[in-house]
There are 2 protein chains.
Amino acid sequence: MSNSGSNLDRLRRANLATVLGIVHRSRSVSRAQITAETGLYRSTVGALVTELAALGFVIEGEPEATNRVGRPSPLVTPAPGVVAIAVNPEVDAVTLGVVGLGASVEHRVRHPVESPVTPEQTVRIVRDLLDALRPGPLAGRRVAGIGIAVPGLVRTADGLVRLAPHLGWRDAPLTRLFEEELGLPTVADNDASLGALAEHLFGVGRGVDDLVYLNGGASGIGGGVIADGRPLRGAGGYAGEFGHNRPAVQDRTSERGALEDEVSRARLLAAAALAVADEPTLARALLGATDQSVRDELARQRRVLATALSNAANVLNPSLIVLGGFLATLLASDPVGLAGLVADQTLPPAAEGLRLRPAALGEDRLLIGAAELVFAPVIADPATLQRTAS
Amino acid sequence: MSNSGSNLDRLRRANLATVLGIVHRSRSVSRAQITAETGLYRSTVGALVTELAALGFVIEGEPEATNRVGRPSPLVTPAPGVVAIAVNPEVDAVTLGVVGLGASVEHRVRHPVESPVTPEQTVRIVRDLLDALRPGPLAGRRVAGIGIAVPGLVRTADGLVRLAPHLGWRDAPLTRLFEEELGLPTVADNDASLGALAEHLFGVGRGVDDLVYLNGGASGIGGGVIADGRPLRGAGGYAGEFGHNRPAVQDRTSERGALEDEVSRARLLAAAALAVADEPTLARALLGATDQSVRDELARQRRVLATALSNAANVLNPSLIVLGGFLATLLASDPVGLAGLVADQTLPPAAEGLRLRPAALGEDRLLIGAAELVFAPVIADPATLQRTAS
DNA sequence: TCGGAATTGTTGCGTCGATGCACATATTAC
DNA sequence: GTAATATGTGCATCGACGCAACAATTCCGA
């Protein structure tokens, strides 16, 4: 109730944020490009970049060799001194990443576990991993905070994990635990929402302001939405749960009829007669199959998926739908066919501008998304991050 | 590519916009309240209000009689001198409204037509209506522009009506026609999207930043979404078309299976054995019915609607779903039952924070929404609107 | 090889918006 | 009637960006 007005301080902070955001998203830009993109004057951009450099966020390097007249403009790049810790607890492992500005994943550790971890165990594992990294990748670096990609519903306001069925978590105060035990600012969000964010900023969705991301994994279908260039979170932060939607299905094969009951990795494994398989293996088996039953199951799942995607397209009118995990395999099994099914059930004007694409970022996706969560407030107000080393 | 930076000009404009926005949404606030809400200093708010008054957007009136110590703070209210023209072409009439800041509908004219109008006829009707109003309600007022609520898909970027099936319009350059013929800046959007905006700002959705609005009319079901306090438009502006979605339906009664095929006013009229009826008549007939077949049809439609609403709630996680038209009647026929069906199919955390409510604004809704479209840029930059009279 | 054109960094100054103090003003409480 | 409280008003100050002039660096053509 006391902050909608703006003053010189905020003006400065907003411009610092704009410049740092450009450097972050572009990974490397000349000062002249920043001038053009912001519309600010040369001298102002100079001062802003100098301040960001003094704060340790960017470094000014040698100009790029461009073949144009005029004085070369120095290249501004993210400083390697600031990193975020990205954490992704899953049923079979806890993955930790050290991610710098510009979404550079500088280190990744996968810590396998035999049974799903508790929140407390997750904290301990992360602490041990961080202790091990401190002499190496973390030496002399400022840790801006910890970002956690949770396979479940996270109340984003306070990082309470309301429900993570496959981990067995329920109303777990995850970020509070991390902040108390590790003393680092911690934020958490749903994994698929972070995947959407990562693909939007650094993947196939670069420059696309309205996209839907759907990921198919062993534990179901998760999703995230970018609307008008910003993550769509909803009132509590639970938005994007496409997997639990009930689309119209011609020949229902499950009782509940939710998207993730009808379109599932388990059914694909069964159709391909595989017990367990990693994603590339499953994709090869499915895409190379000549067996009619396999192709029928692929076609059935494509039909159900198409209706769900059309429902999303009618409501959200994205210009891009990004598919990850086995949903990318479903797309690859018949890209034109799936796109046609979607177009048939989508209002023509909305269908016109719609593309379907496989996700691009691979295994770094969730780490980049989780780091983005950490960097967002830092970029929004660079001056607040303390200079004290980690 | 040259505007993300901010400067003193923008700072001033942003603060003017903030203050005018507060006055617009609150209809009447004291300067002290503005000071508290913006966090700006007294003297700054004073200067801003004075400038807005000089520009003719607000007036400072007598302080309200509050029983508190201290010097009374003058009341700031929207000036009646600035109005928007709201237009809503429908199959059987063209409605025009004169709407002031603060969403005050000062005048409304309904111009019945025998057959659906063309875009060109709409322009002519509006011109004639405006000519008639000029000596009266428009005398001495500045017209900020024209906002059109179209029952169809509108490409918001340029106001091209891609498809308005019930009017028979297709790729009609509506706003261009208006601007050429009437010389007033014109904007257009889907009617339900504007309904959502109006309910968010001045209806049941006041203060709710994440809501879904669904309206049931004779021509089908339209919808609009407010996400994070802003209208969700999508890439082209076609978002919110819930009516064309295909939710899972237990006993499908239509071939296509779209929501608006299964949940329709025509089926309710048939069940109530009415040929034609206005909304209150239909509501009375349905809610007072003891006939089992009527109650069965209501229950059937509620079941289908519940699945569609759950799908929306899972994806968008709103804290409020607003139902208008005959959908409000469906809600009224069993509020607890419908809410229960929705909760059953929605993820528990998302269902927890979700309310279902009937729409509040009545027949002014679309006019207010359309006027909002006109006022938005004016509020964002008050200094641009010319002082020249209409 | 050299000079002109083009582009961009650098520096100092001007402009302008918000702030905060001191003071004036208006109301309530006692 | 006086004290306390809250708010409007005028003025000096601070600080951020824009601008103009100059310097630096490159390309290009004679």
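What you are looking at is a predicted structure, and each value in this text was computed from that prediction instead of being measured. Letters go in sequence order (proteins before strands), and every chain restarts at 1.
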- Task: Could you tell me whether the side chain of R42(B) has a donor or acceptor atom within less than 3.5 Å of a complementary atom in the base of dG8(D)?
- Result: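 Answer yes: a donor N or O sits under 3.5 Å from an acceptor.
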
- Message: For dG8(D), does the base pair up with any side-chain atom of S43(B) as donor and acceptor (N or O, under 3.5 Å, distance only)?
- Response: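 Not at all, since no donor on one side and acceptor on the other fall under 3.5 Å apart.
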
- From N15(B) CG over to N7(A) CG, what is the distance, rounded to the nearest 0.5 angstrom?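 Atom-to-atom, N15(B):CG and N7(A):CG are 8.0 Å apart.
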
- Task: Could you grab the distance from atom CG of L197(B) to atom CG of L373(B), nearest 0.5 Å is fine?
- Result: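 Nearest 0.5 Å value for the CG-CG distance: 7.5 Å.
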
- In sequence, state the C-alpha distance, the side-chain angles, and the governing distance for D209(A) and H200(A), and then conclude on side chain to side chain contact (heavy atoms under 4.5 Å, CB included). CA-CA 8 Å; D209(A) 274 355; H200(A) 163 59; 3.8 Å; yes

Would you mind reading off the distance between [X] atom [atom1] and [N] atom [atom2], rounded to a whole angstrom?
X	N	atom1	atom2	value
E60(A)	dT10(C)	CD	P	7 Å
E62(B)	dG8(D)	CD	P	13 Å
L11(A)	dT19(C)	CG	P	12 Å
R10(A)	dC17(D)	CZ	C1'	19 Å
L40(B)	dG20(C)	CG	C1'	14 Å
L8(B)	dC13(C)	CG	C1'	15 Å
R12(A)	dT19(C)	CZ	P	17 Å
Y41(A)	dC16(C)	OH	P	17 Å

- Task: Report the residue (R68(A) or P74(B)) whose heavy-atom-nearest nucleotide on DNA chain D is the more 5′ of the two.
- Result: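 It is P74(B), whose closest nucleotide lies nearer the 5' terminus.
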
- For S6(A), report the nucleic acid contact type (base, sugar-phosphate, nothing); a contact means any heavy atom under 4.0 Å.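 It contacts sugar-phosphate atoms only.
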
- Just call it for N15(B): base, sugar-phosphate, or nothing, with non-hydrogen atoms closer than 4.0 Å on any strand.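 Sugar-phosphate only.
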
Which of the following nucleotides, [options], is nearest to the side chain of [X]?
X	options	result
P72(A)	dG15(D), dG18(D), dT25(D)	dT25(D)
R71(A)	dG9(C), dT7(D), dG18(D)	dG9(C)
T44(B)	dT8(C), dC19(D), dA18(C)	dA18(C)

- Message: Measuring only between side-chain heavy atoms, which start at C-beta, is R141(A) closer than 4.5 Å to E106(A)?
- Response: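 Yes - at least one pair of side-chain heavy atoms lies under 4.5 Å apart.
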
- Message: Both P63(B) and S73(A) contact DNA chain C. Taking the nearest nucleotide for each, which residue is further toward the 5' end?
- Response: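 Between the two, 5'-proximity favours S73(A).
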
- Message: Quick one: does any side-chain atom of R31(B) pair with a main-chain N or O of V76(B) as donor and acceptor, under 3.5 Å?
- Response: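 Side chain of R31(B) to backbone of V76(B), a donor-acceptor pair under 3.5 Å: no, none is there.
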
- Closer than 4.0 Å, any side-chain N/O of R31(B) to the OP1 or OP2 of dG8(D)?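 True: R31(B) side-chain N/O within range (under 4.0 Å) of dG8(D) OP1/OP2.
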
